[in-house]
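All remarks here apply to the structure that follows.
Throughout, a chain's letter reflects where its sequence line sits, starting with A, and its residues are numbered from 1.
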2 protein chains.
Amino acid sequence: MLSKKTKYGIKALTYLARQENKTPVSIATISESENISLKFLESILLTLRKNGLLGSKKGKGGGYYLLKESNEIQMTAVMRILEGPISMIPCVSLNFYEKCDDCPDENACAVHKLMAQVRDSSLEIFRNTTLAELCNC
Amino acid sequence: MLSKKTKYGIKALTYLARQENKTPVSIATISESENISLKFLESILLTLRKNGLLGSKKGKGGGYYLLKESNEIQMTAVMRILEGPISMIPCVSLNFYEKCDDCPDENACAVHKLMAQVRDSSLEIFRNTTLAELCNC
DNA sequence: CTAAAGCCTATAGAATTAGTAGATTAATAA
DNA sequence: TTATTAATCTACTAATTCTATAGGCTTTAG
């Protein structure tokens, strides 16, 4: 299941990507437009800023803005920051690899084999999709 | 994330699929071979039986066995029984559809667009993979 | 009859999710 | 300078899900 955190994060990012100029947008504005709890959104945007996707400006007229062009932001980055690993299981993860306790041989494991395929196909989609493409809805 | 329930379930199913004949295999045997907690596995096999994938025999010499040939068991069925929806979000689910509260228009939603692609690719993999193929590891 | 094995219900600890609350800091405008 | 706006940060909590565990019941083979 996709967490609400990721869902809201993607919505907020596309909202920012749809802005003509790079002037900051306040959390409250995004929260109202996208029907997201203000305080929850606050923490989501903070993680996106700490991970280098967003910039922020405090005080009056402040808010959040994209640090890169929307066509330069791959969904792999967004997903890894908000949702964590792309893989459904750590033993096939490229960035978050972990061995399974119960599994004596990964190469002989049915789950490993299946989930590696799923990871590959998901990865391809997230890599080939940028924020810009998701805005043209 | 893939639940341990699903992981163990797939392992148990492939174990059964690797049997030469259709004589029942006890939970204890599978539990020991695959390093799965006996009682947890018990509940998993029970759900698989209740959902028509496994048959069982009680009493001495009893156990579980596949009801169909392993090449006739698609991973879509296994995943839906053990893990639930293939989709990462209910608004793109074919079998478990649900509207999002916050979303005024699905067709204009970035999350919907992205997750529909992921669902399609995962679905294709699960549909084109049978238990039989996962045994040849 | 007895041992083996599945069936069924209930429970419980841990982890994760989805928020809330409230105080603090920084920037801007009057 | 002061008031206002808006992000920052820490801490907490309620609900849900996950990963089991416990224990009694029922069925079957020998």
| field | A:Glu83 or B:Val25, whichever maps to the more 5' nucleotide of DNA chain C | value | B:Val25

| message | When you group the ILVMFWY residues by side-chain heavy-atom contacts below 4.5 Å and let the links chain together, are B:Leu67 and B:Leu131 in the same group? | response | no

| said: Counting only side-chain nitrogens and oxygens, does B:Arg49 get under 4.0 Å of the OP1 or OP2 atom of C:dC8? | reply: yes

| Checking all strands, does A:Lys50 fall into the base, sugar-phosphate, or nothing category for heavy-atom contacts under 4.0 angstrom? | sugar-phosphate

| message | Between B:Glu83 and B:Lys7, does any side-chain N to carboxylate O distance fall below 4.0 Å? | response | no

| request: Would you sort out whether A:Glu98 and A:Ser93 count as a side chain to side chain donor-acceptor pair (under 3.5 Å), showing the intermediate values? | output: CA-CA 8 Å; A:Glu98 242 175 275; A:Ser93 177; over 6 Å; no

| query | Just checking B:Leu45: base, sugar-phosphate only, or nothing, at a heavy-atom cut-off of under 4.0 Å? | reply | nothing

| query | Taking OP1 and OP2 of C:dG19, is either one under 4.0 Å from a side-chain nitrogen or oxygen of A:Tyr8? | reply | yes

| task | Assign a letter to each nucleotide of nucleotides 22-30 of chain C from its 5' end: B, base within under 4.0 Å of a protein heavy atom; S, sugar-phosphate only; -, no contact. | result | B--BBBSS-

| Spacing of A:Asp102 atom CG relative to D:dT19 atom C1', expressed in whole Å | 13 Å

| said: For the OG1 atom of A:Thr129 and the CE atom of A:Met79, what is their distance to the nearest 0.5 Å? | reply: 11.0 Å

| query | CG of A:Leu48 versus C1' of D:dA7: gap in Å, rounded? | reply | 14 Å

| said: Using whole Å, what does the distance between atom P of nucleotide D:dA6 and atom CD1 of A:Ile30 come to? | reply: 12 Å

| request: Calculate the interatomic distance between A:Asp101 atom CG and D:dA20 atom P; express it in whole Å. | output: 10 Å

| Can you check the B:Leu2 CG to D:dT17 P distance for me, whole Å? | 17 Å

| field | Any side-chain heavy-atom pair of A:Tyr64 and A:Leu46 under 4.5 Å | value | yes

| task | Output the distance between atom NZ (A:Lys11) and atom CG (B:Asp102), rounded to the nearest 0.5 Å. | result | 4.0 Å

| task | Would you tell me if any nitrogen or oxygen in the side chain of B:Ser37 comes within less than 4.0 Å of OP1 or OP2 on D:dT21? | result | yes

| Judged by atom type as modelled, is there a donor-acceptor pair below 3.5 Å linking the side chain of A:Ser31 to the main-chain atoms of A:Ile27? | no

| Please give, in whole Å, the distance from C:dA5 P to B:Leu54 CG? | 17 Å

| request: Rounding to 10 degrees, work out the angle separating the end axes of the helix from C:dC1-D:dG30 to C:dA30-D:dT1 (five pairs an end). | output: 10°

| Can you check side chain to side chain donor-acceptor pair (under 3.5 Å) on A:Glu133 and A:Thr130, steps first, answer last? | CA-CA 6 Å; A:Glu133 289 160 77; A:Thr130 66; 3.1 Å; yes

| query | Quick one: is D:dT8 close enough that its OP1 or OP2 comes under 4.0 Å of any side-chain N or O from A:Ser56? | reply | yes

| task | Could you state the atom-to-atom distance from CD1 of A:Ile36 to C1' of C:dT20 in whole Å? | result | 17 Å

| Separation of atom NZ in A:Lys4 from atom P in D:dA15, rounded to whole Å | 16 Å

| task | Would you mind checking if B:Lys39 and B:Glu42 are paired as a salt bridge, meaning a charged N to carboxylate O distance below 4.0 Å? | result | yes

| said: When you compare the side chain of B:Thr6 with that of B:Val78, does any pair of heavy atoms fall below 4.5 Å? | reply: no

